[in-house]
Amino acid sequence: MKVLVPVKRVVDYNVKIRVKADQTGVETANVKMSMNPFDEIAVEQAIRLKEAGTASEVIAVSIGPAQSQETIRTALAMGADRGILVEADADVEPLAVAKLLKAIVEKEGPELVILGKQAIDDDSNQTGQMLSALMGWPQATFASEVAMKDGAMDVTREVDGGLETINVKLPAAVTVDLRLNEPRYVSLPNIMKAKKKPIDTMAPADLGVDTAKRLEVLKVVEPEKRQGGAKVASVAELVEKLKNEAKVI
Ligand code: AMP
């Protein structure tokens with residue numbers, strides 16, 4: 001079976017985010033960009049399925065500016081077989097991404113799409129769910145363990161109360177959580193090999209998808225600086241502070 005892994009280019013998770021002076025978004029000029037960390041986990045899982053003989057081909061897809069090729073190359077260096085780049089603005093909304101992925105799914109016919117549970121730039125946590133709805137597929141979100149079983153998959157999910165295991169029939173969309181696996185490091189020989197792997201480039205219009213924005217960002221601001229906390233000596237003091245300082249009771 002083919003496995004499709006959408007990988008997003010985002011500001012590296014180690015970078016301290018700065019808001020642009022005009023409050024239209026966050027600064028991305030001269031900022032280190034990397035693959036969304038959850039997508040690395042998704043790529044790792046897809047490659048493990050291939051190594052186990054379950055998957056026949058792993059395709060990495062990115063929607064974004066031309067530099068998203070680097071993100072696809074990272075997936076190829078990890079072990080994905082080929083890439084697809086849909087060249088578009090950096091901030092295509094989750095619904096448009098899901099529509100583009102649907103068009104690619106219809107072309108490629110994968111039985112499994114493994115996505116990150118969320119992209120750490122917009123923190124939307126929407127794309128996988130929207131894709132499964134558009135396809136009419138089952139979805140399993142926040143996966144921390146997966147096991148193939150006769151054309152279906154047992155997925156252990158991280159839910160509020162702990163863990164829950166569900167069985168989804170394939171084709172399905174699965175979104176991955178942090179504990180699913182530890183992504184491998186890419187070795188230099190594999191980076192060299194990845195340079196020879198093919199990447200198809202296309203535009204949203206080639207897939208018949210309109211990526212015009214449906215959402216309007218009014219402004220982006222820094223979160224308020226946190227006030228320092230304080231320890232109280234007794235329950236009585238706590239109640240007094242809640243009443244008279246915080247005025248919440
Ligand atoms: P989100 O719904 O934006 O939090 O993203 C959830 C997941 O959808 C990510 O972890 C990626 O696997 C995928 N995704 C979202 N946006 C893109 C994009 N522009 N290109 C490729 N994959 C994406």
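Note that the structure is a prediction, hence the values are computed from the model and not measured. In each ligand, atom 1 is the first atom listed, and ligand 1 is the first ligand listed.
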(message) Show the atoms of ligand 1 that are less than 4.0 angstrom away from any heavy atom in Asn125.
(response) 1 (P), 2 (O), 4 (O)
(request) Evaluate salt bridge (Lys or Arg N to Asp or Glu O under 4.0 Å) for Glu108 paired with Lys2, printing each intermediate quantity in order. (result) CA-CA 8 Å; Glu108 296 284 349; Lys2 281 192 200 177; 3.0 Å; yes
(request) Considering heavy atoms of the protein only, find what lies nearest to atom 16 (N) of ligand 1 and give residue, atom and distance to 0.1 Å. (result) Lys8 CD, 3.5 Å
(request) Taking only Lys NZ, Arg NE, NH1 and NH2, and the carboxylate oxygens of Asp or Glu, determine whether Asp91 and Lys213 approach each other closer than 4.0 Å. (result) yes
(request) Looking only at distances, please establish whether an N/O atom of ligand 1 is found under 3.5 Å from an N/O atom of Asn36. (result) yes
(message) With heavy-atom distances below 4.0 Å as the criterion, list the atoms of ligand 1 near Asp122.
(response) 1 (P), 3 (O), 4 (O)
(message) Between Lys20 and Glu27 (salt bridge meaning N to carboxylate O under 4.0 Å), is one present in this structure?
(response) no
(message) Whether Lys50 and Asp81 form a salt bridge (side-chain N of Lys/Arg under 4.0 Å from carboxylate O of Asp/Glu) is what I want to check.
(response) yes
(message) Minimum distance, heavy atoms only, to atom 5 (O) of ligand 1: which one of Thr127, Leu131, Ile114 is it?
(response) Thr127
(message) Using the rule that Ile, Leu, Val, Met, Phe, Trp and Tyr join whenever any side-chain heavy atoms are under 4.5 Å apart, tell me whether Ile59 and Leu112 fall into a single cluster.
(response) no
(request) Measure the distance from atom 18 (C) of ligand 1 to every protein heavy atom, then report the residue, atom name and distance (to 0.1 Å) of the closest one. (result) Ile63 O, 3.6 Å
(message) Check this for me, if you would: do Arg214 and Asp210 make a salt bridge, where the nitrogen-to-carboxylate-oxygen distance has to be below 4.0 angstrom?
(response) yes
(request) Go through the steps to decide whether Ser144 and Thr156 satisfy the test side-chain hydrogen bond (donor to acceptor under 3.5 Å, both in side chains), and finish with yes or no. (result) CA-CA 6 Å; Ser144 66; Thr156 304; 5.4 Å; no
(request) For atom 7 (C) of ligand 1, find the nearest protein heavy atom and state the residue, atom name and distance (0.1 Å precision). (result) Gly116 O, 3.3 Å
(request) Could you find the nearest protein heavy atom to atom 21 (C) of ligand 1 and give me its residue, atom name and distance? (result) Val7 O, 3.3 Å
(request) Check for a donor-acceptor pair, side chain of Asn36 on one end and backbone N or O of Val7 on the other, with a separation under 3.5 Å. (result) no
(message) Suppose we measure from atom 9 (C) of ligand 1 to each protein heavy atom; which comes out shortest, and what is that distance?
(response) Asp39 OD1, 3.4 Å
(request) Taking only Lys NZ, Arg NE, NH1 and NH2, and the carboxylate oxygens of Asp or Glu, determine whether Arg82 and Glu57 approach each other closer than 4.0 Å. (result) yes
(message) Considering non-hydrogen atoms of the protein only, which is the closest contact for atom 14 (N) of ligand 1, and what is the distance?
(response) Val97 CG1, 4.2 Å
(message) At less than 4.0 angstrom from any non-hydrogen atom of Ala119, what atoms of ligand 1 do you find?
(response) 1 (P), 3 (O), 4 (O), 5 (O), 6 (C)
(request) From atom 13 (C) of ligand 1, work out which of Val61, Leu115, Val43 has a heavy atom at the shortest distance. (result) Leu115
(request) Under 4.0 Å from a heavy atom of Ser124: give me the atoms of ligand 1 that qualify, with their elements. (result) 1 (P), 2 (O), 3 (O), 4 (O)
(request) Write out the residue and atom name of the closest protein heavy atom to atom 22 (N) of ligand 1, then the distance separating them to 0.1 Å. (result) Pro6 CB, 3.3 Å
